[in-house]
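As the structure is a computational prediction, the values presented were derived from the model and not from experiment.
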Amino acid sequence: MSENVVRLHKATDPPDTTAVTTLTVVPDAPPARAVPLWVRSGRAVKTAVTHERTRSAGRAVVRHGLYTFNGGRIAARRAWDGRTGSRYERMIRAAEAAGNLEAAEEWEERLQRFRAARHHRRMDLLHSPVDAAKGVAVGAGMSIGVLVALGVVLAISTGQAADVVTPLSATIDFIALLIRIVQIVWGPAVTIGPFLALLALWSVGRKQHAAPQWALPANVRSGEGEPITPSIVVKALRDLGVPALARAIKEMGDAGASMLGPITIAGCGVEVDVTLPSGVSTNEVQSKRRKLAENLTRHEHEVFITIPQAARTVRLWIADSGALDEPIGPSPLVTDETMTADYKKGKAPWGQDLRGDAAALSLYQRHLLITGLSNQGKTVALRSLALWLSLDRSVEFLMGDLKGVGDWAMFDGLATTLIQGPTDEHVIQVTEMVESAVDEMNRRIQAPPGTQFPPLIVLVDEAQVAFMCPAKDEDKRPYGGSKANSRYFMAVRKIHNQGRAVNVLMWQGTQDPTNENLPKLVREGAHTRASLALGTESQARMALGDKAVDGGAAPNLLRPGLDRGTLVVASDGITIPAGQSSITVRTHYIDDDAATAITDRAKALRDGVTTLHAIDRGEERDPLADIAAVIGDATRVRTKDVLARLATHNPGAYGEWSFIDLKRVLDDAGAEPYKSDGVMVVSRDRVARALADRDTEGSASAE
C-alpha cells in the first residue's frame, strides 16, 4: 500500500522556507469481508461436537444405554445357564483345552447330576396340579370348619344364634379388603414395573461394565484391576522388552498360549506358571518385575515372581488390585483364649501367606533370625512367636531387649531373665546371660544319653547393639565385634553349633543387616531366617541367603511403611510351595494390651517364675536365699529345675553345681529334698521355714 505524503510549510515570522513538516496520510483499510452465516454455524457445531463436555455427555448416553441393553443380555444368559447345562459344557471345553482331563471328568459328572435333578423336577410337575388342587380343597375345608367352630363357640358365649357366621363373615370381608387393595395398587405397579425392570437391568450392566472401553468412565477405562486372562499375561510378557521372548511369542502358532499353565485362584490373587521359550532365562523376567506388573495393570508390590522346580519356568502370583493393602484378621492367640502351645509338635500361628492361607511356623529345634529396617514390625513379629511358645509351660525364656522401651515388659514374671536397656552395661548383662545359656548347654551335653531337656529360648532383640558394642572386659576381650575373642559373638556361635541337640535355641532380631552389625557366621547359623522390608538386594542376601534371593525372595522390594509386618521367610519349619525357596507372610499384629493378656494366661499355667533383671557378678552369695528366690511361688520344684534356675540366676556361683552341692546346702539348713511322684523335689515351705529359723537364731545370737 502506498502512502500519500503532503509537505506543509511551517508558519514562521519571518517566514522560513526551509521549515517543512512531513505528514503521512494512511488511507482507510478496506472493509472486512462478511463471514457467511452457514460457515459460522458449521464452526459452532464443530466446536460443540469437539467440546469435552459434549463428548462426556455422549459417552454417558451410550454407556447407560448399553448398560441396560447388555444387562438384559447378561440376565438372559444367567437365566439360560440356570435352566440348562451350558455352564457345565463351557467348563468341560475349557478343561479339555487346558489338558486337565480330571477337571473335565469332574465337570461332566456334575452335568449328569444336574440333568438327573432337572428330569426329576419335570416329572414332579406332571403331578403337581392335582396335588395342589387337593391341597387347596383340603385347606379350604379345614379353614371353613375352624371358622364355623369358632362361630359356634361365640354364639354359645353371647347367646345369639346369628354369631355362628360372624367369623366366616369377618374372613370374607378381610379377603374383600385385600382384593380392593390389590385393585388400587395394580395400576401404578403395572405402570412403574417396566421402569423398575429396566433399572435392574441397568444395575446388572453397570456392575459388569457392559459397555465399550471408550464409553466407560476414566477410572474404569484405565484397566486398573482388570481380571487376569491368558491373553493379558501373554501380552504383558511380549511387551516386557526381552527381544528373544517377543520374537518367540510372535512365531508361535498359538500366539504364546502354550507357554502358560492353568491360571488358578490363589488367595487374594491368581497364580500361573510360564514356561519360557528357548533362549530366554528366568532372571531376564525376574529383573523386569516392575514393568511386568505395569503391563498387567498392577503395582510392583502386587506381582511376585518365583522359580519353581521345572526348568525355564517362572511362577507368577498376581494379586487382585488393592488386596494387599487390606489388613488381615486378628491372631488366633487373641481370639482363642483356650489356645495352648506344643513346642515339639505344634506350629505358631504367625499370619497369612499371599494366597490367604494360614501361615504357621514350627519352632522345634530351630534357631531364628528376623531382620529388617527400623519400624517395620520386627519386634511384633518376633514377640508373637514368643507369645505362642509361652503357652507351653515347659519352655524357659532368657530375654535381652537392647532397645529398652518396654516392648517385652509383659514377660516380667514369665521369663527367667529379662534385661531391658540400650547401654553398654545392658550389653554386658545380655552377653553374660547368653554365656550362662552356653554353660547350661554344656551341662546338658554331658548328661547321660537319652536325657530329655526342656526347651530354653535365648532371645535377644536389637542384637546389632550387642555386635557393635565397644566395651571390653578386664581381660581386654571385647563384648561386641565378630572376632574370635568377641564374647557375645562367640557365645552365639557356640549355641548355634551345639544348642539345637539339647533344646537350647538362639533367637535374634536385628535391624538393617550389614557385615558389621550381623556377622556372616551368625546369620548363617539360623535355621529360620525372615526379613521385613530392606533397602538393597545385598541386604536381602545377607538376611535370607543367596539361594532364597536367587529363587525369587525380594524383601528389598517390599514397601517400607506400607508393607509393615510383611515378612519373606526361608525355613523348613513353614510350608513353602513346591519348588520355591521362600514364602511371603503377612503377620498378625498383636498390640501391647493383647500381648499382656496372653502372657497373663501363660503365667497362670506356671507355678510362678521369679524374673531376674540383672546378673550378679562377684558378690557374696547366700545359697539358701537364692534357692528360695528361684523356687518363687511354686509349692515344690524338681531338683534339676532348681539347679538349672540357679545356674541361670548366677552362672559364676552356681554354674558348676551338681545335685550333691544342692543337697548339702538343703540338708545343712534342715530343708532336705524328698521324693514326690518318683522324682526328687525341693519344698518351698521347708526352705522358707529354714530361712525363718536361721533368721530367728541369728537375731537371738545378736542379742
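Thr431 is linked by a side-chain hydrogen bond (donor to acceptor under 3.5 Å, both in side chains) to nothing, counting only residues two or more places apart in sequence or in another chain. Residues passing the ring-ring contact (aromatic ring centres under 6.0 Å, His included) test with Tyr674: none are found, sequence neighbours excluded. In this structure Glu300 satisfies the side-chain hydrogen bond (donor to acceptor under 3.5 Å, both in side chains) test together with Arg290, sequence neighbours excluded. In terms of the side-chain hydrogen bond (donor to acceptor under 3.5 Å, both in side chains) criterion, Arg289 has no residue partners (sequence neighbours excluded). Listed by chain and number, the residues in a side chain to side chain contact (heavy atoms under 4.5 Å, CB included) with Thr338 are Asp336 (sequence neighbours excluded). Scored by the ring-ring contact (aromatic ring centres under 6.0 Å, His included) test, Phe304 finds no partners at all (sequence neighbours excluded). When the ring-ring contact (aromatic ring centres under 6.0 Å, His included) test is applied to Trp657, the partners found at least two apart in sequence or on another chain are Tyr654. Checked against side chain to side chain contact (heavy atoms under 4.5 Å, CB included), Asn497 has the following partners two or more places apart in sequence or in another chain: Arg493. Residues passing the side-chain hydrogen bond (donor to acceptor under 3.5 Å, both in side chains) test with Asp342, sequence neighbours excluded: none. Taking Val569 as the reference, Trp350, Thr528, Ala530, Leu567, Ser571, Ile574, Ile583, Val585 meet the side chain to side chain contact (heavy atoms under 4.5 Å, CB included) condition, with sequence neighbours excluded. Applying the ring-ring contact (aromatic ring centres under 6.0 Å, His included) criterion to Tyr479, with sequence neighbours excluded, gives no partner residue.
Distance alone, capped at 3.5 Å, places no donor-acceptor pair between the Thr510 side chain and the Ala463 backbone. Judged by distance alone, with hydrogens and angles left aside, the side-chain atoms of Thr610 form a donor-acceptor pair with the main-chain N or O of Ala629 at under 3.5 Å. Arg636 places no side-chain N or O within donor-acceptor distance of the main-chain N or O of Val681, the cut-off being under 3.5 Å. Put simply, the side chain of Thr371 never gets that close to the backbone of Ser531: no donor and acceptor are under 3.5 Å apart. Using a distance-only test at 3.5 Å, with no hydrogens or angles considered, no donor-acceptor pair links the side chain of Arg315 to the main chain of Thr306. At distances below 3.5 Å, at least one donor-acceptor pair connects side-chain atoms of His367 with backbone N or O atoms of Met506. Between the Ser384 side chain and the Ala381 main chain, a donor and an acceptor come within less than 3.5 Å of each other. The main-chain N or O of Leu368 is never found under 3.5 Å from a side-chain atom of Gln508 such that the two would form a donor-acceptor pair. Remark: side-chain polar atoms of Gln464 are not paired, donor with acceptor, to backbone N or O of Asn517 under 3.5 angstrom. With hydrogens and angles ignored, the 3.5 Å screen pairs no side-chain donor or acceptor of Trp408 with any backbone N or O of Met399.
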Step by step, work out the side chain to side chain contact (heavy atoms under 4.5 Å, CB included) result for Asp622 and Arg694.
CA-CA 12 Å; Asp622 183 350; Arg694 189 186 65 178; 2.8 Å; yes
Just do the salt bridge (charged side-chain N to carboxylate O under 4.0 Å, His left out) check on Lys344 and Asp392 with the steps written out, would you?
CA-CA 10 Å; Lys344 185 174 183 179; Asp392 184 339; over 6 Å; no
Could you walk me through whether Leu532 and Leu558 pass side chain to side chain contact (heavy atoms under 4.5 Å, CB included), step by step?
CA-CA 8 Å; Leu532 295 110; Leu558 294 174; 5.5 Å; no
Evaluation steps, side chain to side chain contact (heavy atoms under 4.5 Å, CB included), between Met542 and Asp512:
CA-CA 10 Å; Met542 291 181 186; Asp512 195 14; over 6 Å; no
Pair Arg664-Asp661, salt bridge (charged side-chain N to carboxylate O under 4.0 Å, His left out): steps then yes or no
CA-CA 5 Å; Arg664 174 177 47 79; Asp661 299 313; 3.7 Å; yes
Pair Asp353-Thr584, side chain to side chain contact (heavy atoms under 4.5 Å, CB included): steps then yes or no:
CA-CA 6 Å; Asp353 61 16; Thr584 301; over 6 Å; no
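Applying the side chain to side chain donor-acceptor pair (under 3.5 Å) test to residues at least two apart or on different chains, the pairs with a partner in residues 590-599 are Arg383-Asp592.
Ring pair Tyr343/Tyr364 is perpendicular by interplanar angle, where above 60° counts as perpendicular and below 30° as parallel.
Between Arg601 and Glu337 there is no salt bridge, since no side-chain nitrogen of the basic residue lies less than 4.0 Å from a carboxylate oxygen of the acidic one. Remark: Glu462 engages Lys378 in a salt bridge, criterion side-chain N to carboxylate O under 4.0 Å.
The structure places CG of Leu612 at 11.0 Å from CZ of Arg645, a figure rounded to the nearest 0.5 Å. To the nearest 0.5 Å, atom OG1 of residue Thr416 and atom CZ of residue Phe411 are 12.0 Å apart. The CZ atom of Arg564 sits 13.5 Å away from atom CZ of Arg586, with the distance rounded to the nearest 0.5 Å. Between the CZ atom in Arg684 and the CD1 atom in Ile631 there is a gap of 9.0 Å [rounded to 0.5 Å].
By the 4.5 Å heavy-atom criterion applied to side chains, Phe489 and Pro519 are counted as neighbours. Counting heavy atoms from C-beta on, the side chains of Ile590 and Val334 come closer than 4.5 Å. Between Met441 and Leu456 there is no side-chain heavy-atom pair separated by less than 4.5 Å. Using a 4.5 Å heavy-atom threshold, the side chains of Thr587 and Thr566 count as separate. Using a 4.5 Å heavy-atom cutoff, the side chains of Glu440 and Leu398 are not in contact.
When all heavy atoms of Leu333 and Leu387 are compared, the pair lying nearest together is CD1-CB, 4.3 Å. What you find for Ala553 and Val568 is that their closest heavy atoms are CB-CG1, 3.7 Å. Of all heavy-atom pairs spanning Pro673 and Lys663, the tightest one is CG-CG, 4.2 Å. When all heavy atoms of Gln365 and Ala501 are compared, the closest pair comes out as NE2-O, 4.3 Å. Residue Val682 comes nearest to Leu666 through the heavy atom pair CG2-CD1, 3.7 Å, listed as atom of the first residue, atom of the second, then distance. The minimum heavy-atom distance linking Trp507 with Arg366 is given by the pair NE1-O, 3.7 Å.
Summarising the local packing, NZ of Lys494 is surrounded by 12 or fewer heavy atoms from other residues, nucleotides or ligands at distances under 6.0 Å. The number of heavy atoms from other shown groups lying within 6.0 Å of NZ (Lys603) is above 12.
No hydrogens or angles considered: nothing links the side chains of Arg541 and Asn556 as a donor-acceptor pair under 3.5 Å. Using modelled atom types and a 3.5 Å distance limit, the side chains of Ser683 and Asp685 yield no donor-acceptor pair. For the 3.5 Å distance criterion, the side chains of Asp357 and Gln352 fail to qualify, holding no donor opposite an acceptor.
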